[in-house]
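Written below as structure tokens is the structure these notes are about.
Just so you know, these numbers use all the heavy atoms, side chains as well, and skip hydrogens, waters and symmetry mates.
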Amino acid sequence: MGRDEFQSESLAQAAMPSTPISLWLVDDNRRLRATLAELFQNCEGVQCTGSFASPNAVLSALASRVGPDVILLDVNMGDANGVDAIRPIKSLSRSTQVLMLTTFFDSQIEQRALSSGASGFLLKSFPMDKILNSIRQAWCKPAPHLKQMARETAVPSPQLNANAGREAAPTAVSSDAPAANSGDGPRKRLLWIKHCLDLIRNSRN
């Protein structure tokens, strides 16, 4: 173990929260989700409070619930790619840290995930204590500044019209969405959530 890794583990252990770290699991394998949830029940300082089978499901939950401290997010989930869900998740719950948990290592996918805002890239074959320590390390990271997140989660306009046969989801900067410029906060949020769900639905591995 390198010095930096040792120091990170020491900091994570020293910063044990007074209340459990809330954790959501996002994976299309129901049995794996159930197994992980059961394992985390016996882990001090972590509480699994949500389990979802797809990025769409977790985004829908974030639209109506306060996000958790950490999300463990699978990469390949049928037609959906977990990496494409990172930015929408972070935009809906800025303080939530996202850790990728996948079967196979791919350096390019890892780089995409990290550049999209993930706090780490873990393999399902890792020992439980390593996964647990990564969750604690992610929890220790400060939430990004709101303006920084706004820049990082900005989606270029061409992506909004990726499907020519479908109506592009309006955003706060859309010229045909006067309500989005009227200061109507709840409507802005609903439009953005719809846009996030469309991005995930149209993504392919």
Side-chain angles (χ1 to χ4, degrees), residues 1-2 4-78 80-106 109-110 112-114 116-144 196 200:
M1 179 186 298
D4 292 342
E5 184 178 355
F6 176 79
Q7 290 177 342
S8 296
E9 288 192 5
S10 299
L11 287 173
Q13 293 170 358
M16 286 289 290
S18 55
T19 58
I21 299 170
S22 59
L23 176 71
W24 285 5
L25 305 174
V26 186
D27 196 296
D28 60 347
N29 188 318
R30 181 179 59 84
R31 180 174 296 180
L32 176 64
R33 295 199 316 273
T35 300
L36 286 174
E38 184 177 354
L39 289 173
F40 283 121
Q41 284 182 353
N42 300 318
C43 294
E44 182 182 1
V46 176
Q47 182 178 12
C48 183
T49 58
S51 177
F52 306 90
S54 69
N56 280 357
V58 75
L59 287 173
S60 296
L62 287 173
S64 59
R65 297 165 56 183
V66 175
D69 297 316
V70 179
I71 289 178
L72 281 184
L73 178 64
D74 190 18
V75 173
N76 296 312
M77 288 176 279
N81 189 315
V83 175
D84 296 324
I86 299 172
R87 289 183 184 274
I89 287 173
K90 298 286 283 186
S91 68
L92 291 173
S93 183
R94 292 182 173 89
S95 63
T96 295
Q97 302 293 343
V98 178
L99 288 172
M100 308 309 295
L101 183 65
T102 186
T103 303
F104 303 105
F105 176 77
D106 186 306
I109 294 178
E110 178 188 33
R112 277 186 57 206
L114 296 178
S116 295
S119 298
F121 196 88
L122 310 174
L123 297 182
K124 294 175 182 177
S125 58
F126 282 174
M128 191 64 184
D129 59 347
K130 183 176 180 64
I131 295 175
L132 183 61
N133 191 64
S134 296
I135 291 171
R136 289 170 176 160
Q137 288 182 35
W139 174 83
C140 291
K141 291 185 177 181
C196 291
I200 300 303

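Here the side chains of L72 and I135 are in contact, with some heavy-atom distance below 4.5 Å. Between L25 and C48, the closest side-chain pair of non-hydrogen atoms falls below 4.5 Å. Side-chain contact between N81 and R112 is present, with at least one heavy-atom pair separated by less than 4.5 Å. Put simply, the side chain of L132 reaches to within 4.5 Å of the side chain of R136, judged on heavy atoms. Between E110 and F105, the closest side-chain pair of non-hydrogen atoms falls below 4.5 Å. Taking 4.5 Å as the limit, every side-chain heavy atom of Q41 sits out of range of all side-chain heavy atoms of Q47.
Looking only at distances, a side-chain donor or acceptor of D106 sits under 3.5 Å from a matching main-chain atom of I109. Judged by distance alone, the side chain of D28 and the main-chain N or O of S54 form no donor-acceptor pair under 3.5 Å. Here the side chain of S93 pairs no donor or acceptor atom with the backbone of I89 at under 3.5 angstrom. The closest donor-acceptor contact from the side chain of S119 to the backbone of L99 lies at 3.5 Å or more, if one exists at all.
With rounding to the nearest 0.5 angstrom, the CG atom of L62 is 9.0 Å from the OG atom of S91. Expressed to the nearest 0.5 Å, how far CG of N133 lies from CG of L122 amounts to 10.5 Å. A distance of 7.0 Å separates CG in L32 from CG in L101, rounded to the nearest 0.5 Å. Separating the CD atom in Q97 from the CD1 atom in I21 is a distance of 10.5 Å, to the nearest 0.5 Å. In this structure, the separation between CD1 on I131 and CE on M128 is 6.0 Å, given to the nearest 0.5 Å. One finds the CH2 atom of W139 at 12.0 Å from the OG atom of S95 (value rounded to the nearest 0.5 Å).
Of all the heavy atoms in L123 and F104, the pair that sits closest is CD2-C, 3.8 Å. Of all heavy-atom pairs spanning M77 and G82, the tightest one is CE-CA, 3.8 Å. Of all non-hydrogen atoms in M100 and A113, the two that sit nearest each other are CG-CB, 3.7 Å. Contact detail for S51 and R33: the closest heavy-atom pair is OG-NE, 2.8 Å. When every heavy atom of P88 is checked against every heavy atom of D84, the shortest pair comes out as CD-O, 3.4 Å.
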**Q.** Steps toward side-chain contact (heavy atoms from CB on, under 4.5 Å) verdict (T102, D74)
**A.** CA-CA 5 Å; T102 186; D74 190 18; 4.0 Å; yes
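Using bins of under 30°, 30° to 60° and over 60° for the plane-to-plane angle, the ring pair W24/F52 lands in the tilted bin.
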